[in-house]
Amino acid sequence: PQMRSLALVAVLTAGTAHAGGIEIDVTGQANGTVTIDLFEDIAPLHAAQITALAAGGEYDGVVFHRVIDGFMAQTGDVEFGDSTADDFDMRRAGTGGSDLGDIALEATDQKSFTRGMVGMARANNPNSANSQLFIMFQDGPFLDGQYTIIGEVTSGMDVVDQIKLGTGGNGAVVGAPDMMSAVRVTD
C-alpha cells in the first residue's frame with residue numbers, strides 16, 4: 001500500500017496529471033460507459049485527485065453504495081467500497097476514503113448542480129472531500145456552494161439512469177450493488 005501511495009503522489013504532483021476527464025465502465029443492473037469531463041479550471045485540486053485515483057486503478061471495482069431516486073448516485077469509496085477486496089462488506093461502503101489527503105471545498109458560482117453534474121461527497125466538514133463522488137439524476141441547486149462541482153457527464157446519462165437504486169436508509173443500496181468495473185483517464 002505504501003508504494004501505491006507514493007505512486008499516486010507522484011501522479012498528483014506531475015504536470016501531466018491534468019487530463020480532460022474519466023471514463024467509467026458501469027456493470028450490474030446498469031451496463032455501459034459514462035464519460036465525465038473534469039473541471040480543472042474551477043476544481044483543480046479535486047480534478048487532480050480524481051485523475052490520480054483513476055490512473056492508479058483505485059476506482060476499479062468500487063460500488064455505487066448510495067443511490068437516491070430523483071437525486072443522485074454516489075460511489076468512489078476506494079477504502080471500503082472495492083467489491084473485489086477479500087474483506088468487502090457492503091455495510092461499510094461509503095465510510096472511507098483514499099490514502100491521499102482530504103481536499104478543501106472548491107466552491108464556484110460558474111456552475112450549478114444540474115442533471116449530469118458530478119460533485120464530491122464529503123462528511124459534515126466542507127473540507128473533507130477525498131475520493132467519493134456523486135452524479136446528479138436531477139437538478140439540485142440547494143447543493144450549490146456547499147459541495148464542489150468537479151465535472152459533468154458528457155455521455156452515458158442513459159447508463160447513470162439505470163444504476164440500481166438504494167432501498168435502505170438514506171439511499172443505501174441493498175443486495176448486489178452496481179459498480180465501476182473500470183475507470184480510465186481520458187485526454
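Counting begins at 1 with the first residue of the sequence.
F88 and L53 fall within a single hydrophobic cluster, where Ile, Leu, Val, Met, Phe, Trp and Tyr side chains are chained together by heavy-atom contacts under 4.5 Å. One hydrophobic cluster, built from ILVMFWY side chains closer than 4.5 Å, cannot hold both I149 and M120; they sit in different ones. Under the 4.5 Å side-chain contact rule for hydrophobic residues, M72 and M157 do not share a cluster. In the hydrophobic clustering of this structure, M117 does not group with F64; members are Ile, Leu, Val, Met, Phe, Trp, Tyr whose side-chain heavy atoms approach within less than 4.5 Å, directly or through other members. Side-chain heavy atoms closer than 4.5 Å link hydrophobic residues (I, L, V, M, F, W, Y) into clusters, and following such links, possibly through other members, connects M90 to V67.
Note that CG of L45 and CD1 of I50 are 12.0 Å apart. Values are rounded to the nearest 0.5 Å. The structure places CD1 of I36 at 4.5 Å from CD1 of I135, a figure rounded to the nearest 0.5 Å. Distance check, rounded to the nearest 0.5 Å: OG1 of T75 to OH of Y59 gives 8.0 Å. Put simply, CD1 on I68 and OG1 on T167 are 12.0 Å apart, with the number rounded to the nearest 0.5 Å. Here the CG atom belonging to L38 is positioned 11.5 Å from the NE2 atom belonging to H46, to the nearest 0.5 angstrom. With rounding to the nearest 0.5 angstrom, the OG atom of S131 is 9.0 Å from the CD atom of E58.
In this structure the side chain of D69 never reaches within 4.5 angstrom of the side chain of F137, judged on heavy atoms. Side-chain contact between N130 and I103 is absent, with no heavy-atom pair separated by less than 4.5 Å.
Considering all non-hydrogen atoms of both residues, A93 and G81 come closest at CB-CA, 4.1 Å. Here the closest non-hydrogen pair linking E40 and A47 is CG-CB, 3.9 Å. The shortest non-hydrogen separation linking P177 to V63 is CG-CG1, 3.4 Å. Considering every non-hydrogen atom in both A52 and L100, the closest pair reads CB-CD1, 4.5 Å. In terms of heavy-atom proximity, S181 sits nearest to T27 at OG-CG2, 3.4 Å. G94 and Q132 get closest at one heavy-atom pair: O-NE2, 3.1 Å.
A distance-only check finds no donor-acceptor pair linking the side chain of K164 to the backbone of V173 [under 3.5 Å]. With hydrogens and angles disregarded, a donor-acceptor distance shorter than 3.5 Å links the side chain of Q49 to the backbone of G101. A donor-acceptor contact shorter than 3.5 Å links the side chain of N31 to the backbone of G28. Side chain of T148 to backbone of I150: no donor-acceptor contact under 3.5 angstrom is found. The backbone N or O of G21 lies less than 3.5 Å from a partner atom in the side chain of T186, making a donor-acceptor pair. At least one donor-acceptor pair closer than 3.5 Å links the side chain of R122 to the backbone N or O of N124. Checked by atom type and distance alone, the side chain of D37 never pairs as donor or acceptor with a backbone atom of V153 at under 3.5 Å.
Side-chain polar atoms of S128 and D102 form no donor-acceptor pair below 3.5 angstrom.
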Walk me through whether M136 and L143 qualify under side chain to side chain contact (heavy atoms under 4.5 Å, CB included). CA-CA 11 Å; M136 300 296 291; L143 298 175; 3.8 Å; yes

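Qualifying side-chain hydrogen bond (donor to acceptor under 3.5 Å, both in side chains) partners for S155, counting only residues two or more places apart in sequence or in other chains: T35.
Evaluated for a side-chain contact (heavy atoms from CB on, under 4.5 Å) with V34, the options V159, I22, D25, T154 yield exactly one hit, V159.
Under the side chain to side chain donor-acceptor pair (under 3.5 Å) criterion, the residue pairs touching residues 133-147 are S112-D144, with sequence neighbours excluded. Under the ring pair (Phe, Tyr, Trp, His ring centres under 6.0 Å) criterion, the residue pairs touching residues 89-118 are F113-F134, with sequence neighbours excluded.
Between R115 and D161 there is a salt bridge, since at least one side-chain N of the basic residue sits less than 4.0 Å from a carboxylate O of the acidic one.
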